[in-house]
There are 2 protein chains.
Amino acid sequence: MNRKMPVKRVRTKQKRLSADDRRSEFVTKATELFAEEGFGGGTRALARKLGVTQPLLYRYFPSKDDLIKEVYRKVYLEPLEIGWEKLLSDRSRPLRARLQEFYEVYTDAIFNRRWLRIYLYSGLKGLDINRWYVGMVKDKILTRILRECRHDAGLATQSRPSAAELELAWVFHGGIFYYGVRKYIYEAPVLEDKAQMISDALDIFLAGFERMAESATDRRRAPIQVVG
Amino acid sequence: MNRKMPVKRVRTKQKRLSADDRRSEFVTKATELFAEEGFGGGTRALARKLGVTQPLLYRYFPSKDDLIKEVYRKVYLEPLEIGWEKLLSDRSRPLRARLQEFYEVYTDAIFNRRWLRIYLYSGLKGLDINRWYVGMVKDKILTRILRECRHDAGLATQSRPSAAELELAWVFHGGIFYYGVRKYIYEAPVLEDKAQMISDALDIFLAGFERMAESATDRRRAPIQVVG
DNA sequence: GGCTCAGTTTATCGAGCGATCACCAGAGAT
DNA sequence: ATCTCTGGTGATCGCTCGATAAACTGAGCC
């Protein structure tokens, strides 16, 4: 990745990085800065984090907006490296185990202060990339989960999930997501065992899906059942 | 509320409002502005929305921060006017009906672009008032809901809910909250029937609580039950 | 050694920000 | 008609912002 770099690391305070290194250092530190301050964070504060002067930024990015776009790309695309599809669709494993592992891995990737804050800030700006991400969650995660659930319950696999199913999945997904928001944005006390939280949420989601599947196949079922 | 105001509304472009009116107009329009632009929104843009000049703001608020605090007060305290406690605790009505109505009323109050955006912006700033609100949701809503659930299920009413129960309630609450975020922040398509969404979410929450209650009273119960 | 070129700095611009002060103007009281 | 009190304006300050242009510097090459 680096260019040819002599081993002798001169000085404790090295300057003069290679162009590639400096550029990625800008993106990394900008992610940290914008996560904390929002995208209103100043270019001078960013330069201070790198120990360089502010105009240097403009040797690497034509404008601050271009830097921001680069931050988006990094933040949104980074957690997508995991092999989601195959994890969720591997029918040689029990459905529940797949869902449990998927959400553990997925939340490992996005449940951190940096990712969540950048995500919320960009969501508030209403950018296209945010809409794209939400669509991606719907198509690549929730729709796939629902398809697997239908298959597991012995129901016909339809190409697109019903609106009610999708909403059920969204509420489940949102409930898990909000755990991360409470912990890393609000910094409120949460149940520390994340895997346990996922397991509990999965229990009630799967039970809910089961019920919905039953009510779809057996129309004579009793109306809503109340606790107790 | 207004001072004595002559009926004759001179001109189409009236200026010279009473101090009370002007002040509250500043707060109202500031709420709109900050909801869209974040709290970085400018005082000049605000003044333009009122059709006045920028320095006038400082006749009514010592600083922009004081204006922001006023906006917080209005946004956070407004939806609290509803009689939550009595609604949730009225045991003459079925639990499920109470929960359904509460969440319909609660989401009527907070599911709008202004409230949600101000809430998220203030959450990202990590202000005390946000932590206070989260604590309030926990103490005044979730804890109360869990107490009613326990009573309804014939369980002993303990003063404080268990961490697992509370987390279950949070995931449920967060799932509903995230519906509002998807609709008004992400502007993504959602199941339009909000009451139906609440009803479905309640179904699976109550079923989940029921299961948890069973597992607490009957330790010999089978392990997690998988769909299908 | 001296040339070169790329990474970096110094100086600065114009615009927008929050905030202040002196002044203006119009409705109500006398 | 004039006074007064107060809501509102015009001009401006000091500062920070993103961005530009020119000058500097040091490692690699001849």
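All figures in this text were calculated on a predicted structure; none of them were measured in a lab.
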Side-chain donor-acceptor pairs of residues 161-176 of chain A under 3.5 Å, sequence neighbours excluded:
unit_1, atom_1, unit_2, atom_2, d
Ser162(A), OG, Glu165(A), N, 3.1
Glu165(A), OE1, Ser162(A), N, 3.2
Glu165(A), OE2, Arg150(A), NH1, 2.5
Glu167(A), OE1, Leu191(B), N, 3.0
Glu167(A), OE2, Arg182(B), NH1, 3.4
Glu167(A), OE2, Arg182(B), NH2, 2.7
His173(A), ND1, Tyr103(A), OH, 2.7

Side-chain donor-acceptor distances from residues 38-58 of chain B under 3.5 Å, at least two apart:
unit_1, atom_1, unit_2, atom_2, d
Thr43(B), OG1, Gln54(B), NE2, 3.2
Lys49(B), NZ, Glu32(B), OE1, 3.4

Please give, in whole Å, the distance from dA22(C) P to Leu56(B) CG? 18 Å
Side-chain N or O of Arg22(A) versus OP1/OP2 of dA6(C): is the shortest distance under 4.0 Å? no
Show the atom names and distances, to 0.1 Å, of all donor-acceptor pairs under 3.5 Å that link a side chain in residues 115-124 of chain A to residues at least two apart or in another chain.
unit_1, atom_1, unit_2, atom_2, d
Trp115(A), NE1, Val75(A), O, 3.0
Arg117(A), NE, Ala35(A), O, 2.5
Arg117(A), NH1, Leu124(B), O, 3.2
Arg117(A), NH2, Glu36(A), O, 3.1
Arg117(A), NH2, Leu124(B), O, 2.7
Tyr119(A), OH, Tyr186(B), OH, 3.3
Ser122(A), OG, Tyr76(A), OH, 2.3
Ser122(A), OG, Tyr119(A), O, 3.1

By salt bridge (Lys or Arg N to Asp or Glu O under 4.0 Å), which residues pair with Asp193(B), not counting sequence neighbours? none
Whole angstrom value for the distance that separates C1' of dG7(D) from CG of Leu50(B): 13 Å
Using whole Å, report how far CG of Leu17(B) lies from P of dT9(D). 11 Å
What side chain to side chain donor-acceptor pair (under 3.5 Å) pairs are there with at least one residue in residues 136-145 of chain B, not counting sequence neighbours? Ser89(B)-Arg144(B)
When you check every protein heavy atom under 4.0 Å of nucleotides 14-24 of chain D, what one-letter string (B, S, -) results, 5' to 3'? ---BBBBB-B-
With a 4.0 Å cut-off on heavy atoms, is Tyr60(A) in touch with a base, just the backbone sugar-phosphate, or nothing at all? sugar-phosphate
Write down the atom of Glu81(B), the atom of Leu77(B), and the distance for their closest heavy-atom approach. OE2-O, 3.4 Å
Leu46(B) CG to dG8(D) P, straight-line distance once rounded to whole Å: 13 Å
Look at the side chain of Arg16(A) and the base of dA27(D), then say whether one donor and one acceptor between them are separated by less than 3.5 Å. no
